[in-house]
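Predicted model only: the values in this text are computed from it and were never measured. For this chain, numbers begin at 1 and follow the sequence in order. Only this structure's heavy atoms are used, side chains among them; waters, hydrogens and symmetry mates stay out. Indexing begins at 1, ligand by ligand and atom by atom, following the structure's order.
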Amino acid sequence: MEQIKVVIAGPRGRMGREAVKLAEETPHFTLAGALDRRNGGSKLSEIGEGFSSEARIYEDIKECLFETNPDVLIDLTTPETGMYHAKTALEAGVRPVVGTTGFSEEDLKELRELAESRGLGAIIAPNFAVGAVLMMKFSQLAAKFFPDVEIIEQHHDRKLDAPSGTGLKTAEMISEIREEKQQGHPDEKETLEGARGASYNGIRIHSVRLPGLVAHQEVLFGGEGQTLKIRHDSYDRKSFMSGVRLSAEQVMKIETLVYGLENIIE
Ligand SMILES: NC(=O)C1=CN([C@@H]2O[C@H](COP(=O)(O)OP(=O)(O)OC[C@H]3O[C@@H](n4cnc5c(N)ncnc54)[C@H](OP(=O)(O)O)[C@@H]3O)[C@@H](O)[C@H]2O)C=CC1
Ligand SMILES: O=C(O)C1=N[C@H](C(=O)O)C[C@H](O)C1
């Protein structure tokens, strides 16, 4: 298999740490550098995270991309930083694989235009876990038969964005096959603001944040005299790593932006 040179942004983060280990352990990946907002100039092996890589840490993306000349930038940071990194990478001819969530529709449009104008691949995956991708696809299928649906996503309490990228993507995928629909009683009133959750085309999304959780989602369908529940649980961030690896491989073969892993695992 062809060697892929990667840079990882956010190496001290919960996801970034796993991604660095993945890159260290994958024979056809070369870890060329890391982007952080601390430890600039140090090697990854020197920062006390248990990394063995001698790759250098950079605090400036332009310097990092210029000096390391990678094929792929894997971003696992925050929405604002992720958008800046993805744009800067494309402008420098580097293909971004973005796991960071919280991007707007306008962000996706801007990145798609940039990727296509440069003839470069880009992948934005709200969830890299294959089980979560199947949960979203099964939910899309179920919504044909059960148009009344609510999404309950549950995450650790260090998460910045709500609803989760997965919750939103699930609602978007269901909306592709379901007409906008007001659910619940037409005269229902919230006596406490937020009680009915957020609404995406009438699909309610409820976000739970608690210590002890990792990443979990249940899609709940209701029909006459029956309910259907489709649930996925990530108990460990290792669950996301096969999707990160696949994305870094696939992004080398495309010349547009792909939003969602379901579009590359089919
Ligand atoms: N697609 C998927 O399958 C998954 C996506 N995610 C998403 O990935 C993102 C990261 O999640 P998680 O690892 O839990 O978050 P963490 O907060 O643990 O990690 C984010 C890291 O990014 C660093 N960072 C912030 N700003 C910058 C910057 N300007 N330059 C470089 N590094 C920066 C942070 O540094 P500092 O410590 O100094 O703040 C931190 O180390 C989130 O958007 C989350 O929703 C998470 C899990 C799975
Ligand atoms: O922040 C997280 O942890 C996760 N974020 C992603 C999301 O917003 O859907 C993916 C996964 O749920 C974990």
> Nearest to atom 21 (C) of ligand 1, what protein heavy atom do you find, and at what distance?
Replying inline: Leu76 O, 3.8 Å
>> So for Ala125, does at least one of its heavy atoms come nearer than 4.0 angstrom to any atom of ligand 1?
In response: yes
>> Give me the residue, atom name and distance of the protein heavy atom closest to atom 3 (O) of ligand 1.
In response: Phe128 N, 2.7 Å
>> Taking Glu91 first and then Lys62, would you say they form a salt bridge - that is, a charged N and a carboxylate O separated by under 4.0 Å?
In response: no
>> With a heavy-atom distance limit of 4.0 Å, tell me whether Leu35 approaches ligand 1 through its side chain, its backbone, both, or neither.
In response: backbone
> Among Val6, Ile74, Val7, whose side chain to side chain contact (heavy atoms under 4.5 Å, CB included) with Leu31 holds?
Replying inline: Val6
> Any idea which protein heavy atom is nearest atom 33 (C) of ligand 1, and the distance to it?
Replying inline: Thr77 CG2, 3.9 Å
>> Testing the 3.5 Å rule here: is there a donor-acceptor pair between the side chains of Thr30 and Gln3?
In response: yes
> Within the side chain of Arg118, is there an N or O that forms a donor-acceptor pair under 3.5 Å with the backbone of Gly93?
Replying inline: no
>> Membership question, hydrophobic clusters at under 4.5 Å side-chain separation (ILVMFWY): are Leu76 and Leu35 in the same one?
In response: no
>> Taking side chain to side chain donor-acceptor pair (under 3.5 Å) as the cut-off, I'd like each qualifying pair that reaches into residues 208-217, sequence neighbours left out, listed once.
In response: Glu153-Arg209, Thr170-Gln217, His216-Asp233
> Judged by atom type as modelled, is there a donor-acceptor pair below 3.5 Å linking the side chain of Arg204 to the main-chain atoms of Glu150?
Replying inline: no
>> Using a 3.5 Å cut-off on N or O atoms only, is Pro79 in polar contact with ligand 1?
In response: no
> Is there a heavy atom in Lys159 that sits closer than 4.0 Å to ligand 1?
Replying inline: yes
>> Can you name the atoms of ligand 1, numbered from 1 with element, that are less than 4.0 Å from a heavy atom of Thr81?
In response: 26 (N), 27 (C), 28 (C), 29 (N), 30 (N)
>> Does Glu255, at its CD atom, have more than 12 non-hydrogen atoms belonging to other residues, nucleotides or ligands within less than 6.0 Å?
In response: no
>> For ligand 1 and Gly16, I'd like to know whether there is a polar contact (N/O to N/O, distance under 3.5 Å).
In response: no
> How far is atom 23 (C) of ligand 1 from its nearest protein heavy atom, and which residue and atom is that?
Replying inline: Gly10 CA, 4.2 Å
> How close do Ile203 and Ala171 get, heavy atom to heavy atom, and via which atoms?
Replying inline: CD1-O, 3.6 Å
> Remaining members of Ile152's ILVMFWY cluster at a side-chain heavy-atom cut-off under 4.5 Å?
Replying inline: Val208, Leu210, Leu213, Leu220
>> With a cutoff of 4.0 Å, is Ala9 in contact with ligand 1, counting heavy atoms of the residue only?
In response: no
> With hydrogens left out, which residues have an atom under 4.0 Å from ligand 2, given that only heavy atoms count?
Replying inline: Thr101, Pro126, Asn127, His155, His156, Lys159, Asp161, Ser164, Gly165, Thr166, Ala215, Phe240
> With atoms numbered from 1 as shown, which atoms in ligand 1 lie under 4.0 angstrom from a non-hydrogen atom of Asn127?
Replying inline: 1 (N), 2 (C), 3 (O)
>> Among all protein heavy atoms in this structure, tell me which lies nearest to atom 45 (O) of ligand 1, with the distance rounded to 0.1 Å.
In response: Thr101 OG1, 2.6 Å
> Are Ser239 and Asp236 linked by a side-chain donor-acceptor pair shorter than 3.5 Å?
Replying inline: no
>> Tell me whether Asp161 is salt-bridged to Lys159, with the criterion being a basic N under 4.0 Å from an acidic carboxylate O.
In response: yes
>> Could you identify the single nearest non-hydrogen protein atom to atom 11 (O) of ligand 1 and state the distance to 0.1 Å?
In response: Met15 CG, 4.3 Å
> Which pairs, with at least one residue in residues 32-55 and sequence neighbours excluded, count as a salt bridge (charged side-chain N to carboxylate O under 4.0 Å, His left out)?
Replying inline: Arg12-Asp36, Arg17-Glu49, Lys43-Glu54
>> Considering non-hydrogen atoms of the protein only, which is the closest contact for atom 15 (O) of ligand 1, and what is the distance?
In response: Arg14 NH2, 3.5 Å
> Is Arg158 touching ligand 1 with its side chain, its backbone, both, or neither, if touching means heavy atoms under 4.0 Å apart?
Replying inline: neither
> Charged N to carboxylate O below 4.0 Å: is that the case for Glu105 and Lys109?
Replying inline: no
>> Please check this pair: side chain of Gln250 against backbone of Ile264, looking for a donor-acceptor N/O pair closer than 3.5 Å.
In response: no
> So is Arg12 polar-close to ligand 1, meaning N/O to N/O under 3.5 Å?
Replying inline: yes
> Which is closest to atom 36 (P) of ligand 1 by heavy-atom distance: Arg37, Arg38, His156?
Replying inline: Arg37
> So which heavy atom in the protein is nearest atom 7 (C) of ligand 1, and how far is it from that ligand atom?
Replying inline: Gly99 O, 3.5 Å
